[in-house]
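Everything on this sheet refers to the single structure shown next.
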Amino acid sequence: EVQLVESGGGLVQAGGSLRLSCAATGFTFDPYVAGWFRQAPGKEREGVSFIRSADGTTYYADSVKGRFTVSTDNAKKTLYLQMNTLKSEDTAVYYCAAGQLDYYTDPRRVPSAYDYWGQGTQVTVSS
């Protein structure tokens, strides 16, 4: 059974940093795409940052480019999201997701393409 477990969310002041982690167990698929969605109250789920295992290609939402960095530690089977210069509009529940997407699919745009999801972790940025 595949499980994704997020950690690292919390309350931070605007301009601060947080690092989210997503630990995977039972996940043996390769290649894969893994990354982060977020959902704020009253808004649709948004694709934030993703990475392809095959070649390390990364994808970012325009709103987080230059501030967020997605990475993986394959030995630890853990996905990370380093979030710097946080803004109040980054406040949301963040979900990690993993799946086997082909190279023609933009990982940011198709939540339904992901087979596995974490439970979500709250990030709150106070202004």
Side-chain angles (χ1 to χ4, degrees):
E1 180 187 4
V2 175
Q3 286 192 321
L4 303 179
V5 179
E6 299 112 334
S7 60
L11 174 65
V12 64
Q13 288 189 332
S17 298
L18 281 175
R19 188 176 80 157
L20 305 184
S21 300
C22 175
T25 58
F27 192 86
T28 59
F29 307 101
D30 196 25
Y32 62 85
V33 173
W36 300 88
F37 289 87
R38 67 185 180 186
Q39 190 163 21
K43 294 189 176 181
E44 291 188 356
R45 191 165 292 193
E46 176 190 18
V48 177
S49 305
F50 299 87
I51 187 166
R52 289 190 182 272
S53 67
D55 58 7
T57 300
T58 55
Y59 303 79
Y60 295 93
D62 289 344
S63 58
V64 306
K65 281 181 183 175
R67 300 189 297 122
F68 289 12
T69 303
V70 63
S71 63
T72 57
D73 183 329
N74 290 328
K76 295 182 179 179
K77 294 191 175 181
T78 301
L79 174 74
Y80 300 101
L81 183 66
Q82 178 67 44
M83 305 186 293
N84 298 329
T85 320
L86 283 160
K87 304 176 181 180
S88 57
E89 51 263 45
D90 295 318
T91 294
V93 177
Y94 284 70
Y95 299 89
C96 66
Q100 293 184 290
L101 281 65
D102 63 42
Y103 228 94
Y104 303 101
T105 301
D106 186 331
R108 296 165 292 190
R109 303 192 183 281
V110 193
S112 61
Y114 293 85
D115 298 311
Y116 306 104
W117 291 82
Q119 80 285 0
T121 186
Q122 177 71 47
V123 171
T124 303
V125 183
S126 63
S127 56

Item to check | Pairwise side-chain contact, I51 with L79, heavy-atom cut-off 4.5 Å (strictly under) | outcome: yes
Checklist entry - Looking only at heavy atoms, what is the nearest atom pair of T85 and S17, with distance? => result N-OG, 4.3 Å
Checklist entry - Are a donor atom and an acceptor atom from the side chains of Y59 and R52 found within less than 3.5 Å of each other? => result yes
Item to check | ILVMFWY cluster, W117 and V33 together (side-chain gap under 4.5 Å) | outcome: yes
Checklist outcome for this item: dist S49:OG -> Y80:OH (nearest 0.5 Å) comes out at 15.5 Å
Item to check | is_close_aromatic(Y114, F37), centroid dist under 6.0 Å | outcome: yes
Checklist entry - Does any donor atom in the side chain of T78 or D73 lie under 3.5 Å from an acceptor atom in the other side chain? => result no
Checklist entry - Where do P107 and L101 come nearest, in terms of heavy atoms and distance? => result CA-CD2, 3.8 Å
Checklist outcome for this item: Correct closest heavy-atom pair for S127 and A14 would be CA-CB, 4.2 Å
Checklist entry - Does the side chain of L18 reach to within under 4.5 Å of the side chain of V123, using non-hydrogen atoms? => result yes
Checklist entry - Roughly how far apart are L4 CG and S21 OG, rounded to 0.5 Å? => result 12.5 Å
Next on the checklist: Do L81 and T69 make a side-chain contact, defined as non-hydrogen atoms from C-beta onward lying under 4.5 Å apart?
Outcome noted: no
Checklist entry - Is there a donor in the side chain of D55 and an acceptor in the side chain of Y103, or the other way round, less than 3.5 Å apart? => result yes
Checklist outcome for this item: Closest heavy-atom pair, N74 versus Y32, reported as atoms and distance to 0.1 Å, is OD1-OH, 3.3 Å
Item to check | Validation row: T72, K77 side chains within 4.5 angstrom (heavy atoms) | outcome: no
Checklist entry - Does W36 have R45 sitting over its ring (NZ/CZ under 6.0 Å from centre, angle to axis within 45°)? => result no
Next on the checklist: Under the criterion side chain to side chain contact (heavy atoms under 4.5 Å, CB included), I'd like the reasoning laid out for V125 against E89: C-alpha separation, chi angles, the key distance, then a yes or no.
Outcome noted: CA-CA 8 Å; V125 183; E89 51 263 45; over 6 Å; no
Checklist outcome for this item: Note: S63 and R38 closest approach over all heavy atoms is OG-NH2, 3.4 Å
Checklist entry - Is the Y116 ring parallel, tilted or perpendicular to the F29 ring (thresholds 30°, 60°)? => result parallel
Next on the checklist: Parallel, tilted or perpendicular: which one describes the rings of Y94 and F68, with boundaries at 30° and 60°?
Outcome noted: tilted
Item to check | Side chains of Y60 and F50 in contact at under 4.5 Å (non-hydrogen atoms) | outcome: no
Next on the checklist: For a quick test of reading the model, state the closest non-hydrogen atom pair linking A54 to P31 and the distance between them.
Outcome noted: CB-CB, 4.0 Å
Item to check | From K87 atom NZ to R67 atom CZ, the distance as rounded to the nearest 0.5 Å | outcome: 4.5 Å
Next on the checklist: Assess the residue pair Q119 and E6 against the criterion (side chain to side chain contact (heavy atoms under 4.5 Å, CB included)); give the C-alpha distance rounded to whole Å, side-chain angles, the decisive distance to 0.1 Å, and a yes or no.
Outcome noted: CA-CA 7 Å; Q119 80 285 0; E6 299 112 334; 2.8 Å; yes
Item to check | D62 vs K65, salt bridge (Lys or Arg N to Asp or Glu O under 4.0 Å): CA-CA, chis, key distance, verdict | outcome: CA-CA 5 Å; D62 289 344; K65 281 181 183 175; 3.1 Å; yes
Item to check | Rounded distance (nearest 0.5 Å) linking atom CZ of R19 with atom CE of M83 | outcome: 11.5 Å
